[in-house]
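Structure, as structure tokens:
Both counts, for ligands and for their atoms, begin at 1 and track the order of listing.
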Amino acid sequence: MSTEARVEGAGTDLLGAPPVWPASATVAPGGDLTIGGVSLSALADRFGTPVYVLDEQEVRDRARAWRRALPDAEVAYAAKAFLCRAVVDWIREEGLGLDVCSAGELELAVTHGFDADRIVLHGNAKSPEDLRAALRFGVGRIVIDSDCEIARLAAQVTGPKPQRVMVRVLPGIEAGAHKKIRTGAEGQKFGLSIAAGDAEDAVARTLGQPHLQLVGIHCHLGSQIATPEPYGAAVHRLIAFLARLRERYGVTLPELDIGGGFAVAYRPGDPAPTAAAYGQLISRQLTTSCAEFRYPTPRLTVEPGRSLLAPAGVALYRVLAVKRSGGQVFVAVDGGMSDNPRPALYGARYTVRLVGRPVSAPMRTTTVVGRHCEAGDVLAEDVELPEDVRPGDVLAVPASGAYHLSMASGYNLVGRPPVTAVREGRARLLVRRETFEDHRRRDVGL
Ligand code: LLP
């Protein structure tokens, strides 16, 4: 009989709750947790802490789930969630495209062999370098996000072939977990408003540029959108808009990109529809809207970022201090807001688990804080940890694979943590720890 047990909240459990831990997570004898067949406490010992662990198979399975959910669509992974060369390989091998928003993300992918034609470049303020890199590498699509970039981009196209572009439109739909990550409604910096006529003006102007080939429209509603319905509403508005463009300009644009934003569970019980659930509603709405407006079904693109990477990642920290203050118990660890700014930025909530030793003490409500010099450096509020948690213990935070390290900072010069990958019982280093030497090397003035 196996001595291992599945972890609550791992995979799609019997209750149908969305996964918090990677599907491979098991509780090993002695209270340890394994991911991809590798003990988390062994990983903490081998690579030091803080350390991020990515379950390669989980990323691949999630990529496959998206392809199955929308078999006729282009699934372009949003690199901003997290990118390194191994992730580029996984995404390419699973047959996905890529969404990038800087020359840096673009160059990392293309110089590691990613087909530039399968890349979409975004950005509300693309730098001259971003555009130069996009044209030099020959990215498949550039998404126009302001009127003033149309002529600027067109002037830079020197080759015989026009650059394929899309126009990012604002459908006027409010969705997303936090105001800072809602991008589908009026009154924020992204997109061109359909309602105010800006989107149509940009389309007209783009159509007048012989060096640009307008292939479709794009929108991104926001992030951590926990129901499929807003995507249905967006598809309907965008097909209506495409039909209007056909009527006014005689063009039938063949592509529709509805962005990313699909939610994941950070804590057990958080709503997080499956790729299949999002896909079903999107496909159904596409069919009915195209029938309603007699519009030929455009080629669809979706751009999931978080839903591919977040649930595959686990952050490991070591406890440095435990103290009581104002009736609360604070457990301080060796990372914090420099490797995970999400709680401070969006009020994001996480779950935490002690790993690596048996737990017999009763649980109590605890606040896990980081090591940085700010009271707001809180990693996880009101989590249940054993009463005897002590310095040296290893804490694991699931759902850490997206928007942690890609948003990590150099605050307090603690150095950004390494990234490791686990698969079939083996671990390897993907990105090494940032060291004091790295800081010193950049510091070139006297
Ligand atoms: N496409 C576009 C154009 C985007 O701007 C984004 C995310 C995505 C796709 C991918 O969205 P996802 O599927 O990952 O939600 N730092 C925030 C999230 C910012 C998202 C920015 N744009 C967070 O940690 O919640």
Side-chain angles (χ1 to χ4, degrees), residues 59 62-63 65-66 69-70 73-83 87 91 96-102 105-106 119-126 130 139 141-145 166-171 175-184 188-192 216-228 230-231 234 256-266 270 272-273 275 278-279 282 300-313 315 337 339-350 379 397 399-409:
V59 177
R62 286 175 168 273
W66 270 106
L70 288 166
E74 169 78 337
V75 180
Y77 166 62
K80 59 191 69 102
F82 176 70
L83 198 69
V87 171
I91 293 304
L96 271 58
L98 198 66
D99 142 7
V100 302
C101 62
S102 70
E105 290 176 355
L106 174 60
I119 297 182
V120 187
L121 174 73
H122 291 286
N124 71 302
K126 299 177 196 75
D130 294 334
V139 299
R141 280 145 195 81
I142 297 178
V143 178
I144 288 169
D145 200 329
M166 305 183 97
V167 167
R168 175 163 177 169
V169 305
L170 255 189
H178 189 278
K179 183 174 183 295
K180 290 176 186 161
I181 52 174
R182 289 186 200 132
T183 51
Q188 45 76 49
K189 69 175 185 170
F190 291 103
L192 293 148
I217 56 173
H218 171 278
C219 87
H220 173 70
L221 296 177
S223 209
Q224 187 64 0
I225 299 171
T227 61
Y231 294 96
L256 175 63
D257 184 336
I258 57 169
F262 312 101
V264 305
Y266 284 94
D270 283 353
Y278 285 112
I282 292 166
L300 183 72
T301 297
V302 288
E303 302 172 339
R306 184 192 320 263
S307 74
L308 290 182
L309 260 285
M337 67 194 301
D339 67 88
N340 180 8
R342 301 194 67 260
L345 273 176
Y346 320 113
R349 303 288 305 272
Y350 286 82
L379 276 175
V397 180
S400 293
Y403 302 114
H404 285 209
L405 288 184
S406 63
M407 297 174 75
S409 74

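- Rounding to the nearest 0.5 angstrom, the gap separating the NE2 atom in H218 from the CD1 atom in I144 is 12.5 Å.
- Judged as a side chain to side chain donor-acceptor pair (under 3.5 Å), and not counting sequence neighbours, T183 has no contacts.
- When each atom of ligand 1 is checked for a heavy atom of G305 under 4.0 Å away, the hits are 12 (P), 13 (O), 14 (O).
- Using modelled atom types, no side-chain atom of Y403 and backbone atom of A310 make a donor-acceptor pair closer than 3.5 Å.
- Within ligand 1, the atoms closer than 4.0 Å to a non-hydrogen atom of D99 are 1 (N), 2 (C), 9 (C), numbered from 1 in the order shown.
- Between F262 and W66, the ring planes lie tilted relative to each other; the angle falls in the 30° to 60° range.
- Nearest protein neighbour of atom 8 (C) of ligand 1, counting heavy atoms only, is H220 CE1, 3.4 Å.
- Between H122 and ligand 1, no N or O atom pair is found at a separation short of 3.5 Å.
- Under a 4.0 Å criterion applied to the non-hydrogen atoms of P304, ligand 1 contributes the atoms 13 (O).
- Within 6.0 Å of NZ on K180 lie more than 12 heavy atoms contributed by other residues, nucleotides or ligands.
- Scanning both residues, M166 and I217, for their nearest heavy atoms gives CE-O, 3.5 Å.
- Judged as a side chain to side chain donor-acceptor pair (under 3.5 Å), and not counting sequence neighbours, the contacts of H122 are E303.
- Closest heavy-atom approach to atom 25 (O) of ligand 1 within the set R168, Q224, M407, R306: this belongs to R306.
- Considering backbone and side-chain N/O of S307, none are found under 3.5 Å from N/O of ligand 1.
- Of the protein's non-hydrogen atoms, R342 NE, 2.6 Å is the one closest to atom 24 (O) of ligand 1.
- Considering L106, D130, V139, L83 as possible partners of V100, the one that fulfils the side-chain contact (heavy atoms from CB on, under 4.5 Å) test is L106.
- Nearest to atom 15 (O) of ligand 1 among the protein's heavy atoms is S223 OG, 2.3 Å.
- Residue-to-ligand polar distances keep A81 apart from ligand 1: every N/O pair is separated by 3.5 Å or more.
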Item checked: Trace of the side-chain contact (heavy atoms from CB on, under 4.5 Å) decision for V87 with V59 -> CA-CA 9 Å; V87 171; V59 177; 5.6 Å; no

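- Close approach of ligand 1 to I181 (heavy-atom distance below 4.0 Å) involves ligand atoms 17 (C), 18 (C), 19 (C), 25 (O).
- Close approach of ligand 1 to G261 is summarised as follows: ligand atoms under 4.0 Å from at least one heavy atom of the residue are 11 (O), 12 (P), 13 (O), 15 (O).
- With ligand atoms numbered from 1 in the order given, ligand 1 contributes 1 (N), 2 (C), 3 (C), 8 (C), 9 (C), 10 (C), 13 (O) to contacts under 4.0 Å with heavy atoms of E303.
- In the vicinity of A78, heavy-atom distances shorter than 4.0 Å reach the ligand 1 atoms 8 (C), 9 (C), 10 (C).
- Considering only non-hydrogen protein atoms, atom 16 (N) of ligand 1 sits nearest to Y346 OH, 2.8 Å.
- A heavy-atom distance below 4.5 Å is not found between the side chains of Q224 and Y346.
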Item checked: Evaluation steps, side-chain contact (heavy atoms from CB on, under 4.5 Å), between Q188 and L170 -> CA-CA 10 Å; Q188 45 76 49; L170 255 189; 3.4 Å; yes

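- Looking at atom 4 (C) of ligand 1, its nearest protein heavy atom turns out to be K80 NZ, 3.1 Å.
- Among the atoms of Y403, some N or O lies under 3.5 angstrom from an N or O of ligand 1.
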